[in-house]
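Here is the structure we will look at.
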Amino acid sequence: MDVAEIISHHILDHDWGVTLAGFRLPITTHTVTLFAVSVVLFLGLYWISLRRQSRSGRLLTTLMEEYVVFIRDGLVLPNMGQEGKRFLPYFCTLFLFVLFCALAGLVPNMKTATSNISVTAALALCSGGLILYCGLKFHGFVGFLKGFIPSGTPGWLVPLIFPLEVVSLIIKVCVLAIRLFANMLSGHMVLICLLLIIFVVGQMHIAAGAGALLPAMGLELFMTCLEILVAFLQAYVFTLLTTIFAGSVIHTH
């Protein structure tokens, strides 16, 4: 197996789809990962809710309460105001889902679903739908459209400013998808390339490959720890940007 094949095997999805009644149902490693993350989160949170009266359950319940307070007071209220409270369940779910999808890539035989642009695009579309809903809910259709025209804009600039503001909103949603995809994919590319250093150097000389083993594995361990930090950071940033974009639609200036 050459270097290109090893890298492709790591970053590409694998389709084990089945055909039922003439309709093909795609089943890939990423869809399996998404399903597994959903099941783990659902069963895990449900288990915590059942054991909240026990000592360990009270500890986990307290941690979950602190987590909800962090999302509410650290992200939702500062960026969306009191109007954002009704959307708190979405943002709590979004943060955990993005986080666990990123961490799943560190589990053997599983992959980082958020390194797939289709997955991040779907998440971004969900956030984009929330942004549109906020604009229509709090301002109505006409008021939402007026929000694309900054106050004090001369009438002759409106035909130019309005489409630019619409494109700006579309770009914001695209940025959510692209930045999460790029960050997660690049991190795992670095991990696999560090491992390949051992084999590339070993093909030159066996002793050189053995000498590169410890430095490469040390860097691999460091990057793995860094990937855990990046997973939390990306979940935070994705949720933060969604609250900022939704808040800018609710509180137009």
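Excluded from the calculations below are hydrogen atoms, water molecules and symmetry mates; all remaining heavy atoms, backbone and side chain alike, are included.
- Counting only heavy atoms from C-beta outward, the side chains of K137 and F144 never approach each other to under 4.5 Å.
- With hydrogens and angles disregarded, no donor-acceptor distance shorter than 3.5 Å links the side chain of S168 to the backbone of L164.
- Between P78 and R72, the shortest heavy-atom contact is CD-O, 3.9 Å.
- Remark: the backbone N or O of A177 is paired with a side-chain donor or acceptor of T120 at under 3.5 angstrom.
- Side-chain contact between F141 and L136: present, with at least one pair of heavy atoms (C-beta onward) separated by less than 4.5 Å.
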> side-chain contact (heavy atoms from CB on, under 4.5 Å) between R179 and V237: does it pass, once the steps are laid out?
Replying inline: CA-CA 10 Å; R179 69 172 309 280; V237 172; 3.2 Å; yes

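- Counting non-hydrogen atoms of neighbouring residues, nucleotides and ligands closer than 6.0 angstrom, the CZ atom of F232 reaches no more than 12 such neighbours.
- Cluster membership check: L130 shares its hydrophobic cluster with L123, using side-chain heavy-atom separations under 4.5 Å among Ile, Leu, Val, Met, Phe, Trp and Tyr.
- Note that the CG atom of L160 and the CD atom of E165 stand 10.0 Å from one another [nearest 0.5 Å].
- In this structure, F181 CZ and N116 CG are separated by 7.5 Å, a value rounded to the nearest 0.5 Å.
- In this structure, M184 and Q234 approach most closely via the heavy-atom pair SD-CG, 3.8 Å.
- To the nearest 0.5 Å, atom CG of residue L233 and atom CD1 of residue I228 are 13.5 Å apart.
- Proximity of M64 to I48: side-chain heavy atoms (C-beta onward) are separated by under 4.5 Å at one or more points.
- Shown here for F238 and T242, the closest heavy-atom pair between the two residues is O-OG1, 2.8 Å.
- Of all non-hydrogen atoms in A104 and T33, the two that sit nearest each other are CB-CG2, 3.7 Å.
- Atom CG of residue L169 and atom OG of residue S248 lie 7.5 Å apart, to the nearest 0.5 angstrom.
- Nearest approach of C101 to T114, heavy atoms of both residues: CB-CG2, 3.9 Å.
- Under a hydrophobic clustering in which Ile, Leu, Val, Met, Phe, Trp and Tyr are joined whenever their side-chain heavy atoms come within less than 4.5 Å, directly or via other members, F35 and L45 fall into different clusters.
- I250 and I244 fall within a single hydrophobic cluster, where Ile, Leu, Val, Met, Phe, Trp and Tyr are joined by side-chain heavy atoms under 4.5 Å apart, directly or via other members.
- Separating the NE2 atom in H251 from the CD atom in E83 is a distance of 4.0 Å, to the nearest 0.5 Å.
- With F95 as the fixed residue, the ring pair (Phe, Tyr, Trp, His ring centres under 6.0 Å) test singles out one of Y236, F100, Y67: Y67.
- A single hydrophobic cluster is not seen to contain both V173 and F97; linkage of ILVMFWY side chains at heavy-atom distances under 4.5 Å, directly or through other members, places them apart.
- Using a 30° and 60° split on the angle between ring planes, F162 and F148 fall in the perpendicular class, above 60°.
- Remark: the backbone N or O of V249 is paired with a side-chain donor or acceptor of H139 at under 3.5 angstrom.
- The two residues A124 and L176 come nearest to each other via the heavy atoms CB-CB, 4.0 Å.
- Between the side chains of Y90 and S127, a donor-acceptor pair is found at a separation under 3.5 Å.
- Screening N79, I71, L94, L77 for a side-chain contact (heavy atoms from CB on, under 4.5 Å) with T243, the sole residue that qualifies is N79.
- The shortest distance between side-chain heavy atoms of T239 and V98 does not fall below 4.5 Å.
- The structure places SG of C134 at 8.5 Å from CZ of R86, a figure rounded to the nearest 0.5 Å.
- V175 and L185 fall into different hydrophobic clusters, where Ile, Leu, Val, Met, Phe, Trp and Tyr residues are linked whenever their side-chain heavy atoms come under 4.5 Å apart, directly or through other members.
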